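Everything numeric here is computed off the predicted structure, so don't read it as measured data. Chain letters run A, B, ... following the sequence lines, proteins first and then strands; every chain starts at 1.
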2 protein chains.
Amino acid sequence: MKLLIVEDEKELSKSIVTYLKGENYLCEVAVDFKTALEKTESFDYDCVLLDITLPDGNGLNVLKELKADNKTGGVIIISAKNLIDDRIAGLNLGADDYLAKPFHLSELSARIAAVIRRRRFDGNKVLELNELTFDTLAKTVSVNGKGVDLTRKEYDLFLYLVTNKNRVVSKNAIAEHLSGDEADVFDNFDFIYAHMKNLKKKMVLAGCEDYIKSIYGMGYKFDI
Amino acid sequence: MKLLIVEDEKELSKSIVTYLKGENYLCEVAVDFKTALEKTESFDYDCVLLDITLPDGNGLNVLKELKADNKTGGVIIISAKNLIDDRIAGLNLGADDYLAKPFHLSELSARIAAVIRRRRFDGNKVLELNELTFDTLAKTVSVNGKGVDLTRKEYDLFLYLVTNKNRVVSKNAIAEHLSGDEADVFDNFDFIYAHMKNLKKKMVLAGCEDYIKSIYGMGYKFDI
DNA sequence: TACGAATTTGAAGAGATTCTGAATATTCTG
DNA sequence: CAGAATATTCAGAATCTCTTCAAATTCGTA
């Protein structure tokens, strides 16, 4: 899961990033609207945290643009002014949620999770697929009700495959999703092989049918 | 799917090619406009990535020529200058999309897919033809809803035939479309015969009517 | 019908891709 | 800061695909 934090207060963005990393999100920061739009232009973030009170422009216009693309995932507005006007304007322009500063980081995290769930899973916290249960809130995976211990990367990898079920996902896409920086990793997929092996092993061991198919030369497919 | 990347920065073109190969595109590179025009003259690429700021001429004129031919598939302009003027000029001259450097390769890949879809499938991601379903996003083929496992070349071959349905496609054209290098393969179509046989076998086995007709001395036709 | 040319078919080797287990590096946790 | 857990790299093994080859078949034409 990748987030973009649009915020110019370094202190704040730093603590947000630290906290959210702890929640297993990959974070990027934009300190102004221009950068933010460039970034959203070129990557589909799962959620954007948007401080609408930045010096270089009107945040609500930026929100409008984000939503116009219909490309970005969720958008949560964070704003120092907790004026009702802003709130309403924000929601009308399509923000998925609104959070007034100062806020608790745990609250922010919960809102982010909710927004992502709403967009990706129609608001369902739990995904049931045959013997497999995916709890995106608890971040647990279980087979026939019995939990399976996955590492972070394994969980992320699995979730990404499940989110794209019945579609072939390229190793490029997987690599981008799993690696934090926009690092160029397109010529070494060894780490994918490693995680994939471990994930499959754990799942099969837990009694789950092996739904993950390797498509030679193309990628992987969660086939269910 | 075959692309032409017109770009003089070796580093950049190399990483573009590496990435796009991972997405199952066949790529050729031209380092100047002259070479680019020669290449587009002699082959109909699915999409051309055009850096309009190359030393040997005006990129927009090249774009104009490409579009005048109406031969090339899509054209995506990539440019270091993200000036609005360029953008508008580019789109007016018929570029299908525009991407400012630096960009994420995943973004580029998504745009290419979109342009090709728009041109070849009227923007549809899924192609339904009787019992046959072609999902160009999921990269899957199914018969009566049941998936058929095709290899890369089989998928490419099939897609090419379907894209040209009810038209005879020559083995030359197929060969050019399937082979990566600009190698001259025009005297040995054995590999086409092999792929064609395997493809037909798989499809018939999956319960699909054999829509692929061999036209003696001319080529093949996907007849539906 | 018979001939040469084009296509189909089956099999096999070369080459590329993926898997695997172990070694190393990194991150987390107390 | 040390020890544990996790992530990544590496190299060899296993697997799959692509292409080529040769033999069999089909096709068009004489």
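The distance between atom OH of B:Tyr155 and atom C1' of D:dC18, rounded to the nearest whole Å, is 19 Å. Between B:Ile215 atom CD1 and C:dT8 atom P there is a gap of 10 Å when expressed in whole angstrom units. Rounding to whole angstrom units, CG of residue A:Asn198 and P of C:dC19 are separated by 12 Å. The separation between B:Met218 atom CE and D:dC27 atom C1' is 15 Å, rounded to whole Å. When the P atom of D:dT9 is taken as reference, atom CD1 of A:Ile192 falls 11 Å away, rounded to whole Å. If you measure from atom CG of B:Asp156 to atom C1' of D:dT17, you get 13 Å, rounded to the nearest angstrom. A straight line from CZ of B:Phe189 to P of C:dT8 spans 13 Å, rounded to a whole angstrom. The distance from atom CZ of B:Phe191 to atom C1' of C:dG15 is 16 Å, rounded to the nearest whole Å.
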**Request:** Check step by step if side chain to side chain contact (heavy atoms under 4.5 Å, CB included) holds for B:Asp156 and B:His195.
**Result:** CA-CA 10 Å; B:Asp156 283 351; B:His195 288 308; over 6 Å; no
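Aromatic rings of A:Tyr211 and A:Phe158 (six-membered ring for Trp) have centroids beyond the 6.0 Å cut-off, not under it. Here the two rings, on B:Phe43 and B:Tyr45, have centers that are under 6.0 Å apart.
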For nucleotides 9-12 of chain C, give me every protein contact, N/O to N/O, under 3.5 Å, one pair per line with atom names.
unit_1, atom_1, unit_2, atom_2, d
C:dG10, N7, B:Lys197, NZ, 3.4

Below 3.5 Å between N/O atoms, which protein atoms pair up with nucleotides 25-30 of chain C? Just atom names and distances, please.
unit_1, atom_1, unit_2, atom_2, d
C:dC28, OP1, A:Arg152, NH2, 3.4

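Within 6.0 Å of NZ in A:Lys165 there are 12 or fewer heavy atoms belonging to other residues, nucleotides or ligands. Other residues, nucleotides and ligands contribute at most 12 non-hydrogen atoms within 6.0 Å of the CG atom of A:Asp149.
Between B:Asp135 and A:Arg167 there is no salt bridge, since none of the side-chain N atoms of the basic residue sits less than 4.0 Å from a carboxylate O of the acidic one. A salt bridge does not link B:Lys213 to B:Asp223: none of the charged nitrogens lies less than 4.0 Å from a carboxylate oxygen. Using a cut-off of 4.0 Å between Lys/Arg side-chain N and Asp/Glu carboxylate O, B:Lys67 and B:Asp96 are scored as salt-bridged.
Taking 4.0 angstrom as the limit, B:Ser214 places a side-chain polar atom (N or O) nearer than this to OP1 or OP2 of C:dT8. Between C:dT8 and B:Tyr220, a contact under 4.0 Å exists linking OP1 or OP2 to a side-chain N or O.
Among the nucleotides C:dT7, D:dT20, C:dT18, the one closest to the side chain of B:Lys171 is C:dT7. Here the side chain of A:Tyr216 is nearest to one of D:dC16, C:dT7, D:dC18, namely D:dC16.
A parallel orientation is assigned to the rings of A:Tyr160 and A:His177, their planes being inclined by less than 30° (bins at 30° and 60°).
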